[in-house]
Structure formats: C-alpha cells, structure tokens
Amino acid sequence: VANSQQQDELYALILQTIEGQISDDDFLRLEAIFRENPSKCRVYVDSVILYSMLTQSNSLFDKDDCPSDFRNMKLWEFLAVEEKTAPAIDIPKEKVGKKHSVKIEHPKTEKQINKHSILAAFLSIAALLFIILYPIFAPVPVQRTPVGVVKLTYDAESGTNQKPIQKETVIYAGPFTLAKGSIEVELDSGVQLVITSPGELVFETTNSTVLKCGSLVARIPPHSRSFAVSTPLCSVVDYGTEFGINVSTDGKTEVEVFKGKVDLRDNPNPLIFSNSRFITAGQIGRYDISGQIAVQPAREIAIENKNMFVRNLPREWTGKDGKTAWNDVSNWSGNIPNLLQAAFFRNMKPGSACVIDSTLAGPNRAYAEYLNVGLQGYGCVEMTGGELETNEIWIGRQRGGQGIFTLTDGTIDIANGMTSLIVIGGAWEEGGGGNGTLNIKGGRIRFHNDSGSVIMGWGAPAQGTLNIENGEFIIPGQLCMGKENDINGIRVPEGAGYVNLKKGILHVGSILITKGQIDIEAGALKIKQDVREQVKQMIQAGQLTGYAGKAKLKISYNIAEDQTIIQAQPD
Amino acid sequence: VLIVIAKAGRKKWKIYVNYHKLIDINRLSFFVWFLCQIFRNPKKISKILQKLLLLSYYIRIDGYIFKVYGVNDTSQHNKENEQRDENFLRLLIGNQQNIYSFILAMVHNRNDADDILQETITIMWRVFKEYQPGTSFVAWGISIARNMVLKFFEKNRYSKLKFSADIEKEIGSITIKTLESGEYRIDALRNCLKKLDIQNLGLIRLHYEEGRPLKQIATERGISTHSMYRVMGRIHKLLQQCIHKALLPEGLT
C-alpha cells in the first residue's frame, strides 16, 4: 500500500510541476527521485505526453457519453470524510539535504566598460532630464469634463471619426456631432436627451446644451434643476417637462412641448433676452431670423408624414437562437418596450422567434408604440396567447425586410391613437417595402379606431400575404392591397397583396385592390354596405377567386346587417 | 460570407459568421492563434479567414470542421500560396501535440510551454519553405522547438524550478523516443478513457475539457488541493497503465 501511495505521490508531484503548483521543496524532492532512480524519468515523460494529449487533442471525449452524475456530491462528501477520518499512512519523506542540491556556479565576469554602457548611461541622463524638464515646458493638458453617458443607440455613428457610437460611451463637455442614427444620452443631472441625426451640438454642462442644428428631445426629471438649450438664434428654458427642439441649417427653431411648459427666449444666451413666450403641452413655438416668436397648436401628424421628433429610441430584439419570450429583458437592447417605445425585430436568426404567450395578460400585457417585424431583415413574432397593445404593426418593412407574424391565440389591440394600422409588406420610405406575412390561426385582432385599416404591398417590391385559417378578423376601415408611394416627388409603384381565406371570416369596411388577389375557400368575406356591383367587377378582373379559380363565388347582400357577403361554392 | 473575430477577453475569442455567433473559443485555437501571431490586426485576420474559408473545402477551428463550397481563385500565385497554407495546416494539425509534448517535457510548466509553442509555430510558418516534404514534420518542428527551449533556459537560467543538466538530457532522449508512437497513443488514450469509471472520467472532463482548475474543483468539493492532485495523479496512473497495456502488443512501449 505504501508503495502505491508513493507512486500516487510521484504522479501528483509531476502534475503539480506541470501546472505550476509545486513548491521549491517538493521540486527538489522530485529531482531527487529522478536522480536516485532514473527510470522514473520515464513516468515523467509519459505523464507529460498524457497531459499534452488531454489538453491539445480535440474530440477525445464522446459528446453522447457525458456522465450526468459525475458531479454527484455523495462521492465528494465521501472523499472529504475519508480524508478527515482515514488512518495516517507513514510515507517516508525524502530528506532534502545538501546532496540533492546542485550548486550553481556563476561564471565570474570581468568588469568592462564598453561603448554600449556609455551609450546607455548617456540615454539614461537624457531621459532623466526629459522627465524633469517636461512638466515645466509641456503645455497644460486639457481637462475633459464628463457630462453624461450614452444609454442607448440605434445605428448611431459619430460625425468626428465615422465610428459607431457604443452604449455606455462617456460624453464629455465639448462639441459633438451625430452623423447617423439616434442616441439616448443621460446627463449626470438626470436629464435624458434623445438626439436624432444629423445633429451638431455642444455639451456645455449637465444642465445646458447648445444645439447648432438637428433635433433633440429632452426629458427633465421633476427633481432636476432647470435645463436650457441654446440655438444659434434663441434659447429654450425648461420648467420640468418633456419637449422637442429642432434647429434647421438657417437657424430657424421649432419647439414642441409634450408635457409641462417651456420658455422660448429671443437670445442664444438664456439669461439675456428682451422677448419670451411660454409654450405649454400640445403647442408648437417657432422662432425665425425675423426675430418673431409664433405659438400655435401642434399639428396633426398624418400617417405618411414622419413624426418631427423621435421621443424614444426603439427597443431592438436581441434574442438569439430558438423561441424566446417577449418578457425576458435580456432579449432586448434596453428595457422591455412600453407604449412609448417601438419594438424592432430585424436581423433575427431564421428559425428563431419572439413569443408572446398567455402569461402576458392584463397589467402584464405586451406593449409597444409600434412593431417592426422584419425591418430590412428577418423578423418573426409568434403569439400563442395573452395580449399585445400597440398603435401600428409593420410586418416586412422596407426593402429587404422579411417579416412573419403568426397569431394562434390571444388578443391584439390596435389602440385608438393617431394611427391605427397594420401594414403587411410595405414602407413609406424610399426604396419600397419588404415581404410580410400575417398568419391568423386563432385569437383576434381588435382595432379601437373606426378607421383602423390594413395595407398590403405598399411600395414595390413589397409583397404582403394574409393567411386566415380560423377566427374572425375585423378591419373597420379599408383593406388596401397594392399601394404606391410618393416620397419627395419620387414615385414608387405599388407592391402586391394576397389574401388566402381558407376558413374564418374577414370583415372589412371597404376594399381597394390595385394589385393583388383574394382567394376564398371555406371562409367568407364580408364588406360593409351594398357593394355587389363593385365585387362583380373584382371577380371579372380576377381579383376575387374561389378555390384558386376552381369554384364560383356567391355574392349576397344582408339588409339587416348592411353587408355584402362573398363565399365560394365548390362544385 | 462575412467572418468577424471578436476578442472577448484574455485568450477568449468569438467567431461570428454573417453576424451570427458561431463559436466561442476559450483556448485560442492554434489556427486562429497563428493567424493572430502573423498578422496581429483583427481586420486582416478576418479577411484571411474569410479567404481561407472560401478557398478551402474543409477548415478546422477548435475541433469544429467546416465544409465550405466556395469560389476558386485561379491565379497561379495564389494557388501556390493556398497550397502551401493548406499543407502547413494539415501537417500542423496532425503533429502539434507531439511538438507540444517535447516542449512541455523540457520546460515542465504548461504556461511556459504554451508560450514557447506559439513562438515555435510562428517560426515554423515563416520558414516552412525550408521544410523538405516527405521528411518527418515532427522532427523538423522539434528541431525548431529545441532552439526556442534553449532560448527560454538562457532567459530563465537562475530559476529554482529547473532540472539539472543530466536529468534534462535523460528526459529529452526518452521524450523523443516515446513520441514516435504518437498516433497509437491517442487511439489508446481514447479507448482507455472509455474504461474509466464515471467519477474519474467526470473529473478528467471537468479539468481538461471544461478547463476548471483543480484548486477550484477541490474547494467546491470540500477537499484539499493536495488531495485533489493525488486523486488526479491516481487517474493519470490508471490511464498510463492502460495505455502501456494497450501498446504492449504493438511493441511501442
């Protein structure tokens, strides 16, 4: 037993040597063993080769035979107990004496002064002089004062070095240019700024900023001191609120107040001014080069016009493989979106999906200002239950977008906001829309606005597909299939929309098919009012078919419900 | 194909293909590592890797084999270079472990051995044109490694943890003789690992596959580090006895 114990000790010593865990004394013991018994060198070499094979070779272990219970604590508890209670074994320890020590004799070197030493001495003196004199003559370094930090970014790129701006980048007092995208900055005073490109600013202090051109939205927490934004012509002093400010290249300034009130002053220095006006929530104030301050109610924003201010950066889905839950904060670029924040799904891995399930109901429901499912890339959302509240849903947005939204169960509430819209394959931006698919296999979609509408195929090459396999889908406004686009005078022709009504009922307020087709199988299409003549024209034009043209379509009008009903009659 | 290699810590890298994270490389693989040694610049490494991925049918990164169908560059010069790269990689994949064994046997500390191996491969890559095809790649690699080891000894000549010259010589000659049976040893080890009981295999995997230090495992299990080294030493002994038994009929031990 003692011999076996000694062998174990030898193996342990070799392993400790390899792993750099051996003490000086133990190393001398090991060397003494080798010296006394050179055949043990063989054990050392074998150990080294074994170690090297274990660390350097791949695929040594079968993936399938991963032992599941090797972490079984019982074994280790047993080992621990045994270690404490086992009888002591007397292992003769090698005496470390002088005979095992190897005296290293260092060759005596003659002192010589060569030219390298002289050169080194000269350089040392020069370096010393430099160190002493540098602080005296060197220019005083500019102290940069941090004023805040970037909390969130969206495709943001700095204008100074054309490099992407990362989250948690420190913002220092001084000029700042945003060339691309948007960022959300939190100043050390607690003030939050959402800056949209192109923007040119100068961060002065934690409570004041100069906006030379571009736009920003400022949110000032209630406990914070007043916050001032200076522009080339005027200044805005805030009184605990949220407001947006836009400065055009000619210096014209526009201020929109979302909450509370601000004071618009006719001088870039907010402390020296001759004229000022209060602007309250819902109002827009303008200041131009003539020196006039005009105040008017905020304009209504049409669907096709871009909102003047980005009040919140979108929250981007960052979930990786497989199907992962909406309410897992680690799947989002910032927090889980609320009703003021858009949810973007782009560049998702094919096969992965964001899942909204029955746990997301009532106060825990899923919210988003609007959804972009498949924005210039792949995006997929599957709703198997629960509730989702939003203003708009875009599926397959902008060219290159590939969006899929599948509703199996649960309720989607399209809120009664300024826009109440579902777009399947489309974009109002230049370049046209992407490909979108909305699959309805159950559940329901509720528009809380009587003019809530669905657009399919908005701007070529957009293509929208609506598959209804069960349930009822009620569109109170218009179902528009194939819509052209006109941005800054550049016309984008219409895309196409396709509806496959396999089962269930599709209610629409009105219908406009420019390019596309509705194919009815076991389901029914119900259109408000008596539009039988219009429906006949659609059938003649091949826009309405039954079982892909294999069945005739029956058109009827229900006077009581004031509805035109179209159903397929298979032979 | 867009390949991005992102550094995720000391000796930890991530490889992204088309923005999708493909693998984590905890132990920097020799392949990526030697690219890093030669080119230093991550952008350039990405480009080279991309090029290699496009031009090679198979590529191995840290044990993962990628099969790639790509576009062939037809220029003669590039073809020759690619052929050279492929030859070097193929030979290195098969023999790196033997070269490492020699270095580790000589310097007996894995951290030092890792550093020397990196330097050795860099030199081997630079002077690969001097290698005579058909001769032993291991012997050629060891001759370069020997110089690196001597340099290391020279640099650390006052280290206390250094075997005396006669023991060093004995170890060196046994190592070179033993390494001739490298291929058989790997197969034998693979079979012997299968024969280990579940606890011993578990410990081996925890330490060598997952890279958990023995000190940490010992702390978690409530036993002393010394005992843990003895447990691991015992498993090494079992494995070596098993390998010897397996190699005996072949006359390789």
Side-chain angles (χ1 to χ4, degrees), chain A residues 4-5 7-22 24 27-28 30-31 34-35 38 41-62 65-73 75-77 79-80 83 102 104 106 320-321 347 349, chain B residues 19-21 27 60 62-63 96-98 100-101 104-105 108-111 158 160-161 163-164 167 170-171 174-175 178-179 182 185-186 189-190 193-194 198-199 201-206 208-209 213-215 220-227 229-234 236-237 239-240 243-244:
Chain A
S4 171
Q5 292 281 358
Q7 271 197 2
D8 290 352
E9 190 71 20
L10 174 63
Y11 278 92
L13 283 176
I14 293 170
L15 196 56
Q16 281 174 305
T17 308
I18 293 172
E19 301 212 327
Q21 300 292 325
I22 199 160
D24 292 354
F27 188 77
L28 282 175
L30 184 67
E31 192 176 17
F34 291 160
R35 190 176 296 285
C41 289
R42 171 87 211 178
V43 176
Y44 168 80
V45 170
D46 283 345
S47 290
V48 164
I49 294 174
L50 176 64
Y51 189 89
S52 144
M53 286 194 288
L54 286 166
T55 53
Q56 296 289 310
S57 306
N58 291 302
S59 64
L60 265 182
F61 305 99
D62 290 338
D65 71 2
C66 181
S68 56
D69 59 344
F70 73 80
R71 290 156 202 271
N72 186 349
M73 289 302 289
L75 169 79
W76 300 102
E77 281 164 15
L79 270 175
E83 190 184 26
V102 178
I104 301 166
H106 304 298
K320 301 279 186 284
D321 299 340
N347 299 323
K349 195 173 179 180
Chain B
Y19 299 109
H20 297 299
K21 194 177 92 180
R27 268 182 307 115
R60 190 176 94 159
D62 219 37
Q96 180 186 311
Q97 184 249 312
N98 284 339
Y100 181 75
S101 293
L104 184 59
H108 59 72
N109 178 298
R110 65 163 183 203
N111 291 331
Y158 300 126
K160 284 181 183 175
L161 299 181
F163 290 128
S164 58
I167 293 177
E170 177 72 13
I171 287 171
I174 297 175
T175 308
T178 314
L179 286 177
R185 271 176 189 276
I186 280 281
L189 173 62
R190 220 171 260 132
L193 281 169
K194 284 178 186 162
I198 208 157
Q199 280 83 14
L201 179 62
L203 190 58
I204 285 277
R205 293 188 74 157
L206 212 56
Y208 292 108
E209 197 180 28
L214 287 179
K215 203 173 174 182
E220 285 170 9
R221 308 300 173 188
I223 63 172
S224 67
T225 311
H226 181 73
S227 296
Y229 270 101
R230 289 195 51 170
V231 171
M232 189 53 96
R234 205 153 52 223
H236 272 226
K237 188 176 78 178
L239 284 172
Q240 278 184 31
I243 291 170
H244 274 264

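So that the names make sense, note that chain A is the first sequence line, chain B the second, and so on, each numbered from 1.
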Legend entry - Separation between NZ of B:K215 and CD of A:Q21, rounded to the nearest 0.5 Å: 6.0 Å

Inset, instruction - Look only at the side chain of A:E31 and the backbone of B:S164, and say whether a donor-acceptor pair between them is shorter than 3.5 Å. - result: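 It does hold such a pair.
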
Inset, instruction - Look only at the side chain of B:T175 and the backbone of A:V45, and say whether a donor-acceptor pair between them is shorter than 3.5 Å. - result: no

Inset, instruction - Could you check if a side-chain atom of A:R42 sits within less than 4.5 angstrom of a side-chain atom of B:E170, using non-hydrogen atoms only? - result: no

Inset, instruction - Compare all side-chain heavy atoms of B:L214 with those of A:L15 and state whether any distance is below 4.5 angstrom. - result: yes

Legend entry - side chain to side chain contact (heavy atoms under 4.5 Å, CB included) evaluation trace for A:E9 with B:H226: CA-CA 10 Å; A:E9 190 71 20; B:H226 181 73; 3.5 Å; yes

Inset, instruction - For each of B:I167, B:L239, B:T225, tally heavy-atom pairs with chain A at distances under 4.5 Å, and name the one with the top tally. - result: B:I167

Inset, instruction - Using a cut-off of under 4.5 Å on heavy-atom pairs, state which of A:D321, A:D8, A:L10 scores highest against chain B. - result: A:D8

Inset, instruction - Give me the one residue out of B:L104, B:T178, B:L189, B:N98 that meets side-chain contact (heavy atoms from CB on, under 4.5 Å) with A:I49. - result: B:T178

Legend entry - Option among A:L30, A:I22, A:T17 that satisfies the side-chain contact (heavy atoms from CB on, under 4.5 Å) test with B:H108: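 Going through A:L30, A:I22, A:T17 one by one, the side-chain contact (heavy atoms from CB on, under 4.5 Å) with B:H108 is satisfied by A:T17 alone.
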
Inset, instruction - Classify the ring geometry between A:Y51 and B:H236 as parallel (under 30°), tilted (30 to 60°) or perpendicular (over 60°). - result: tilted

Inset, instruction - Heavy atoms only: give me the nearest B:Y229-A:A12 pair and the separation to one decimal. - result: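 Scanning both residues completely, I find the closest heavy atoms to be O-CB, 3.6 Å.
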
Inset, instruction - Considering non-hydrogen atoms only, spot the tightest contact between B:I174 and A:C41 and give its length. - result: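 What the structure gives for the nearest pair is CD1-CB, 3.7 Å.
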
Inset, instruction - Go through B:F163 and A:F27 one step at a time and tell me if the ring pair (Phe, Tyr, Trp, His ring centres under 6.0 Å) criterion holds. - result: CA-CA 9 Å; B:F163 290 128; A:F27 188 77; 4.9 Å; yes

Legend entry - Counterpart residues, side chain to side chain donor-acceptor pair (under 3.5 Å), relative to A:Y44 (two or more places apart): none

Legend entry - Contacting region of B:L161 [heavy-atom separation from chain A under 4.5 Å]: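 Both the backbone and the side chain of B:L161 come within 4.5 Å of chain A.
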
Inset, instruction - Sequence neighbours left out, what passes salt bridge (Lys or Arg N to Asp or Glu O under 4.0 Å) with A:E19? Give chain and number order. - result: B:R110

